[in-house]
Amino acid sequence: MTDLTDLGIGAIRDGLAAREFSARELTDAYLEAMEATRALNAYVAETPERARAAADESDKRLAAGEARALEGVPIGVKDLFCTEGVHTQAASSILDAFRPTYESTVTANLWADGAVMLGKLNMDEFAMGSSNETSCYGPVVNPWRSADSNADLVPGGSSGGSAAAVAARLCAAAIGTDTGGSIRQPAAFTGTVGIKPTYGRCSRWGIVAFASSLDQAGPITRDVLDAAIMLKSMASVDPADTTSVDRPVPNYEAALERGVKGLRIGIPKEYRMDGMPAAIETVWQQGEAWLREAGATIEEITLPHTQYALPAYYIVAPAEASSNLARYDGVRYGLRAGDGDVTEMYEATRSAGFGKEVKRRVLIGTYVLSAGYYDAYYLRAQRVRALIKRDFDIVFDAGIDAILTPATPTAAFAVASMATASPIEMYLNDIFTVTANMSGHPGIAVPAALTDDGLPLGLQLIGKPFDEEMLFRVGRVLEDAAGHFTPKRWWS
Ligand code: GLN
């Protein structure tokens with residue numbers, strides 16, 4: 001029999017239904033793989049007892065003919081989702097020993113559909129980063145290695161643990177969050193599929209907040225089918241999050257085989273950046289060719305405010321973060337430091353508990369929101385945001401069905417290689433992804449090619465609000481053309 005950890009969700013569903021293996025055997029196979037693969041540092045907490053109990057429950061359901069949509073599917077959860085009674089630290093020392101007393105809506109939806117939690121996954125601290133190097137648990141190692149070197153590469157971030165775990169077969173699928181690119185960029189760096197749905201598609205309740213007007217949850221999976229299955233279970237309207245939207249969640253799987261014949265695909269000319277590596281240009285053109293061959297029309301489009309998206313993001317996101325992170329003061333949760341008065345406790349706790357990147361964001365955010373600067377920075381950034389959204393609206397109103405872009409400006413880079421660079425170098429990772437966060441549109445990253453060094457590259461599709469079906473449908477055509485990408489096993 002094939003290794004059970006090689007099966008995606010679709011194959012798990014079939015195998016469990018046909019009694020080829022049990023949910024318990026499947027979960028045990030993953031727990032074993034996790035134990036053997038700690039060197040990647042993907043998990044920050046493992047929950048084997050809970051996983052085995054859930055798997056046994058799934059086996060009972062399967063025997064009784066009462067299987068739910070994700071019955072027995074072992075998944076990993078980014079450390080940003082509150083899981084009741086279970087380690088939840090957003091990879092920050094300031095949440096030291098925090099155990100939430102409640103469950104996030106997205107994870108509650110997954111458990112209600114029968115998914116099995118294997119543990120919590122590493123990430124950048126408070127989801128701030130593009131390489132998983134800001135985590136208080138240390139970096140995650142990408143299971144992919146360059147053909148000519150054994151150097152450790154980053155898996156991207158902030159959902160780096162999620163992406164690495166999926167690529168290394170340490171869970172059948174994982175969940176992450178995306179504020180500026182944190183699902184799509186790590187998916188592209190690891191040869192996996194990642195979708196950031198439309199803002200409001202998934203509830204944000206119980207997700208540790210970074211920038212509330214940008215944050216969205218989504219899956220990272222091995223293929224487009226698995227992403228469609230996962231999102232169906234994750235999405236819901238939720239009275240606890242007033243920005244979640246009351247629209248029926250479609251059966252995404254049903255959209256997968258519709259093909260692209262007659263669709264109009266936009267290629268935004270502003271995404272063709274100066275100094276873009278040839279490999280990125282090549283994969284982008286390859287994507288165009290695949291869609292054209294499958295019957296779509298390719299059209300150049302213009303999104304004129306694209307160049308302002310990243311600078312505006314780095315005002316809006318830190319502004320909201322500085323406000324959201326004000327609650328970590330040593331009083332209510334996690335770490336408490338200092339032995340003086342209350343002000344001294346706040347200062348000592350925040351100095352000791354937050355890492356360097358988080359402090360930088362809090363400082364920037366506080367600055368751009370301060371009296372005298374608010375209009376010059378924050379208000380202007382919000383206006384830019386409206387213009388970016390309008391760019392997309394104009395293109396989609398004119399009949400474009402989806403927009404094709406590269407997912408990232410480079411392939412995965414070496415751990416620590418950016419340590420001495422300006423933070424802006426790191427921020428540039430999200431140049432192609434932040435636009436969809438600023439506007440709220442859905443975006444998917446699908447693996448498309450390998451570089452000459454053997455590292456995965458992704459393509460991104462951006463769609464109309466709440467038209468995730470289109471992204472799965474077009475993404476599936478790209479996937480069929482590109483094939484699947486699996487790293488060579490060196491880690492266990
Ligand atoms: N890399 C971006 C940042 O550091 C986006 C992170 C995210 O999407 N959570 O803010």
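One-based numbering along the sequence shown. Counting convention: from 1, in listed order, for ligands and their atoms alike. Because the structure is a prediction, the values reported are computed rather than measured.
When only interatomic distances are considered, the shortest N/O to N/O separation between Gly180 and ligand 1 falls below 3.5 Å. At least one N or O atom of Gly129 sits closer than 3.5 Å to an N or O atom of ligand 1. Considering backbone and side-chain atoms alike, Arg361 places an N or O below 3.5 Å from some N or O of ligand 1. Taking distance alone, with nitrogen or oxygen atoms compared against 3.5 Å, Ala127 approaches ligand 1 more closely than that limit.
Here is the list of ligand 1 atoms found below 4.0 Å of a heavy atom in Phe210: 9 (N), 10 (O). Those atoms of ligand 1 that come under 4.0 Å of a heavy atom in Met128, given as number and element, are 4 (O). Here is the list of ligand 1 atoms found below 4.0 Å of a heavy atom in Ser158: 9 (N). Contact atoms of ligand 1 toward Ser130: 1 (N) (distance under 4.0 Å to a heavy atom of the residue).
No part of Glu125 comes within 4.0 Å of ligand 1, judged by heavy-atom distances. Looking at Thr179 against ligand 1, both its backbone and its side chain come within 4.0 Å, counting heavy atoms. When non-hydrogen atoms are compared, ligand 1 lies under 4.0 Å from the backbone of Ser182 as well as from its side chain. When heavy-atom distances to ligand 1 are checked against a 4.0 Å cut-off, Tyr427 has no atom that comes that close, whether in backbone or side chain. Using a 4.0 Å cut-off between heavy atoms, Tyr314 contacts ligand 1 through its side chain alone, with no backbone atom that close.
By the 4.5 Å heavy-atom criterion applied to side chains, Tyr346 and Val331 are counted as neighbours.
Nearest heavy-atom pair across Ile9 and Asp226 is N-OD2, 2.9 Å.
Crowding of Tyr377 atom OH: a count of heavy atoms from other residues, nucleotides or ligands under 6.0 Å not exceeding 12. Around atom CG of Asp452, no more than 12 heavy atoms belonging to other residues, nucleotides or ligands sit under 6.0 Å away. For Tyr333, the OH atom counts as densely surrounded, since its 6.0 Å shell holds more than 12 non-hydrogen atoms of other residues, nucleotides or ligands.
Residues Arg204 and Asp241 are paired through a salt bridge, judged by an N-O separation under 4.0 Å between the basic side chain and the carboxylate. Taking the charged nitrogens against the carboxylate oxygens, Arg184 and Asp178 do have a contact shorter than 4.0 Å, which makes a salt bridge. Looking at Glu84 and Arg99, no side-chain N of the basic residue comes within less than 4.0 Å of a carboxylate O on the acidic one, giving no salt bridge. A salt bridge links Arg38 with Glu46: the distance from a Lys NZ or Arg NE/NH1/NH2 to an Asp or Glu carboxylate oxygen falls below 4.0 Å.
At the shortest separation from atom 1 (N) of ligand 1 among protein heavy atoms lies Asp430 OD2, 2.5 Å. The single protein non-hydrogen atom nearest to atom 5 (C) of ligand 1 is Tyr313 OH, 3.2 Å, given as residue, atom name and distance.
Residue Asp113 holds its CG atom at 3.5 Å from OG of Ser233, rounded to the nearest 0.5 Å.
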